[in-house]
Student: 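So that we are looking at the same thing, I have put the structure below in structure tokens.
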2 protein chains.
Amino acid sequence: MPLYQLIAKIDNNSDDERINGDHMKQKITLKKIAKEFDVSISTVSKALKDSHEISEELKEKIQAFAKFYHYKPNSLALNLRNQKTKTIGIIIPQIIHHFFTTVISGIEYVANKNGYNVMICMSMDSYEKEVLNMDMLANGVVDGIIVSVAKETEEKKDYAHFKGLINNGIPLVLFDRVIDEIKCNKVLTNDVDGGYLATKHLINIGCKRIAILTTPDFVTVGKLRLEGYKNALGNSNMDFDEELVIQINEEHDITDQIKQLFSLKNPPDGVFAVNEIYAAIAIKTANKNGLKIPDDISILGFTDGLISQYTTPSLSTVAQHGYHIGQKSTELLLNEIEFQDTEYQYQTKIIETDLIIRESTKKLNIP
Amino acid sequence: MPLYQLIAKIDNNSDDERINGDHMKQKITLKKIAKEFDVSISTVSKALKDSHEISEELKEKIQAFAKFYHYKPNSLALNLRNQKTKTIGIIIPQIIHHFFTTVISGIEYVANKNGYNVMICMSMDSYEKEVLNMDMLANGVVDGIIVSVAKETEEKKDYAHFKGLINNGIPLVLFDRVIDEIKCNKVLTNDVDGGYLATKHLINIGCKRIAILTTPDFVTVGKLRLEGYKNALGNSNMDFDEELVIQINEEHDITDQIKQLFSLKNPPDGVFAVNEIYAAIAIKTANKNGLKIPDDISILGFTDGLISQYTTPSLSTVAQHGYHIGQKSTELLLNEIEFQDTEYQYQTKIIETDLIIRESTKKLNIP
DNA sequence: CTGTTAGCGCATTCAA
DNA sequence: TTGAATGCGCTAACAG
């Protein structure tokens, strides 16, 4: 008795086990269904798509059979046939950075909502790994790629792999760490404004000498936040003092580099750190140096990460809205992927930052 | 003039741009190469594999041509042909948990080293998303899957999707949050021992009343760490006091739940928190209640995450070695994927924990 | 030494 | 209403 007749005899709510048994269930394909009903593969294909070309009777039988065996078209075959995978790739420098995980969450959310899956790769801030990952993803594995550029790539300024990608016609969105000379969709934090906002707030609460803990210049975001810092000082007619700019070298002990500030003849009464880690370390260092936060010194960070809420005192900071950045990047990417017309216009979205005031900065005195 | 003759005229170091131009470079395939040389596709295929069946002369020309155009076999076609993707899937509850990102890093490292890529999915601790992700991955997309079970799944105890996966013959490794009744490779933290270690240390430094901040019972890891806590108390002839067990309900304010401890008639002088967040909040709460840490109260956490080093005082904790867990999981998975013989033996690897002593616990007095 | 054929699983156009 | 043929890109067994 053919299997499809068996189905009728089996309660629809029956336990899967009865069919699967303990044995390995081999995947069910169009071919197998076709053989079962002694029809052609294309007939089955159409029947499962509820095509009007197929008789109701046959469609019903085939559909019931397919449903019973949980038939699902094989992704690999579909990918090859359609020349697309409904998957988008992400290349980020480090997954252990909280900011990136929030971005990923945002990407995942929008991607899934639109029927896409997500493939995450890490460049570990290495140029070579970035290129490798990109080659892999570009080779048909994904329909588009979202990237935040590796530090080493920023340093080398070698962007050939990005150009190649675009020449290959693979949609690309850059976020956070972007590259000016690459023409593509971009989503970035308003870092200059964020730096300005942070510094301005320190000024507003009465800080007279504001230090900045930043990165080396080749890390774009650090450079931009520094720019915002300078703008805010200038805007308030405060002097810019080189002495108060610490470009952290992560190869050496960070605490030591920060400590210098407190032994200055004229030490700062405010610190703006361009990321959460520097800020957290600044808090601990200030604490250890006997400074009261925020009475003796106010400290403000960047990125509303995991740490901010749990330092003592909790850290005032600039929120970067990673989740939103991820969402926006994905929307742009999917737009480009599914774009049909001839003239596609690249966009650059700026995501604004917000101040989150906690305990590490003095209260604003509103007169 | 056929293209392959052109190649000879172009300096090998030439700029890609000359070929790619500003136009979209369409992917080069075996077929196109075959047409170029007016040979069959299989001849090209063999030539590129340096088969001895092909004449040296032809091989050279074809290889040069392919290299020049950066020919790479199309992944989708290979996947379909080989019925495998050289990709492994991961399903984790939350990517924003630092522990999971360390595990992912470990997975990524071992996978890449062995020529595999990684596809990360998030269940968001939802049963439904876990099932969806698994169905997607199981449908040919990956060669094997590594999972840490969603909370909701643990609560429902509905493991049909795991059984289905195994029936389908798809290798599965469970880590951290595992399921006893599923037969597969497993990697887990020695949570009982970790809980024991933590509690014992608090006892050793002289704590007399030790509270525990744990999860509801259905979260297995919380339950196990509680078990270790009880063991340590028993082992030291200390009373187990229900009053000192707080099962945190994350739907409500955590600080409020912890505060109860400090208003007990007989308050604790030690706190063991089964994760980093609870510990960090405990530190802040104790601080606010005017308690000196570690003089009045010692606090010990679990998981060496991002936060631990930046709390004030920095948090003593139990290191869970997520990176190692990820590595081990992947080794097991790849073993199973590439296993050829008939009788495969599942293993369960226990990863031991380690105490990391920082400032939130009293110094051990060695007499 | 080179080509033909078949097949991976599916969708689609065209023919019957 | 159904089926055959074609192709997505690649490999491998088999023929010549």
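Proteins come first, then strands; the chains are lettered A, B, ... in the order of their sequence lines, and each starts at number 1. Just so you know, these numbers come straight off a predicted model, no measurement behind them.
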Student: How close or far is atom C1' of D/dT2 from atom CZ of A/F37, stated in whole angstroms?
Tutor: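 Answer to the nearest Å: 15 Å.
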
Student: Give the rounded distance in Å between these two atoms: CD1 of B/I54 and C1' of D/dG16.
Tutor: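 One finds 14 Å between C1' of D/dG16 and CD1 of B/I54, rounded.
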
Student: Measuring from A/C184:SG to A/Q347:CD, what's the distance to the nearest 0.5 Å?
Tutor: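 Separation between the atoms: 12.0 Å.
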
Student: Tell me: CD1 of A/I62 to C1' of D/dT2, nearest whole Å?
Tutor: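 After rounding, the gap between these two atoms is 10 Å.
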
Student: Please work out if B/L58 contacts a base, only the sugar-phosphate, or nothing of the nucleic acid, heavy-atom cut-off 4.0 Å.
Tutor: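 Contact class for B/L58: sugar-phosphate only.
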
Student: Return the value, rounded to whole Å, for the distance between atom CG of B/L76 and atom C1' of C/dG7.
Tutor: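 So the two atoms are 17 Å apart, to the nearest Å.
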
Student: Quick check on the helix from C/dC1-D/dG16 to C/dA16-D/dT1: what's the angle between its two end axes, five base pairs per end, to the nearest 10°?
Tutor: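 Roughly 70° between the end axes, to the nearest 10°.
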
Student: Pairing donors with acceptors under 3.5 angstrom, does anything connect the side chains of A/K27 and B/N139?
Tutor: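 A donor-acceptor contact under 3.5 Å links the two side chains.
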
Student: Looking at A/D50, I'd like to know if its CG atom is crowded, meaning that more than 12 non-hydrogen atoms belonging to other residues, nucleotides or ligands lie closer than 6.0 Å.
Tutor: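 Buried by this count: over 12 neighbours within 6.0 Å.
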
Student: Return no unless some side-chain N or O of B/T43 is found under 4.0 Å from OP1 or OP2 of C/dT2.
Tutor: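 Checking B/T43 against C/dT2: no side-chain N or O falls below 4.0 Å of OP1 or OP2.
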
Student: Just wondering, more than 12 heavy atoms not from B/Y109 lying within 6.0 Å of its OH?
Tutor: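 Not buried by this count: 12 neighbours or fewer within 6.0 Å.
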
Student: Is it true that the side chains of B/T85 and B/D143 contain a donor and an acceptor less than 3.5 Å apart?
Tutor: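 A donor-acceptor contact under 3.5 Å links the two side chains.
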
Student: Might you list the N or O atoms of the protein lying below 3.5 Å from N or O atoms in nucleotides 9-13 of chain C, with each pair's distance?
Tutor:
{"from": "C/dC10", "atom 1": "OP1", "to": "A/Y71", "atom 2": "OH", "distance (Å)": "2.7"}
{"from": "C/dC10", "atom 1": "OP1", "to": "A/N74", "atom 2": "N", "distance (Å)": "3.1"}
{"from": "C/dC10", "atom 1": "OP2", "to": "A/L30", "atom 2": "N", "distance (Å)": "2.7"}
{"from": "C/dA11", "atom 1": "OP1", "to": "A/K49", "atom 2": "NZ", "distance (Å)": "3.0"}
{"from": "C/dA11", "atom 1": "OP2", "to": "A/S45", "atom 2": "OG", "distance (Å)": "3.2"}
{"from": "C/dA11", "atom 1": "O4'", "to": "A/R81", "atom 2": "NH1", "distance (Å)": "3.3"}
{"from": "C/dA11", "atom 1": "O3'", "to": "A/R81", "atom 2": "NH1", "distance (Å)": "3.4"}
{"from": "C/dA11", "atom 1": "N3", "to": "A/R81", "atom 2": "NH2", "distance (Å)": "3.4"}

Student: Is A/K129 paired with B/E108 through a side-chain N to carboxylate O contact shorter than 4.0 Å?
Tutor: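 A/K129 and B/E108: salt-bridged.
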
Student: Between P on C/dC1 and NZ on B/K59, what's the gap in Å once rounded to a whole number?
Tutor: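 Nearest whole value for this atom pair: 9 Å.
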
Student: Distance check needed: D/dT2 P versus A/D50 CG, whole Å only.
Tutor: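 Whole-Å distance recorded here is 13 Å.
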
Student: With sequence neighbours left out, which residue pairs that include part of residues 83-94 of chain A fulfil the salt bridge (charged side-chain N to carboxylate O under 4.0 Å, His left out) condition?
Tutor: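 For residues 83-94 of chain A, and leaving out neighbouring residues, there are no salt bridge (charged side-chain N to carboxylate O under 4.0 Å, His left out) pairs at all.
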
Student: Expressed in angstrom and rounded to an integer, what is the separation of B/K84 atom NZ from D/dT11 atom P?
Tutor: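 After rounding, the reported distance stands at 13 Å.
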
Student: I need the A/I325 CD1 to A/I104 CD1 distance, nearest 0.5 Å.
Tutor: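 Here the interatomic distance stands at 13.0 Å.
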
Student: Using a cut-off of 6.0 Å, state whether more than 12 heavy atoms not belonging to A/K72 lie near its atom NZ.
Tutor: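 Above 12, so yes.
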
Student: In whole Å, what is the span from the NE2 atom of B/H52 to the P atom of C/dT2?
Tutor: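 Computing the B/H52:NE2 to C/dT2:P distance gives 13 Å.
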
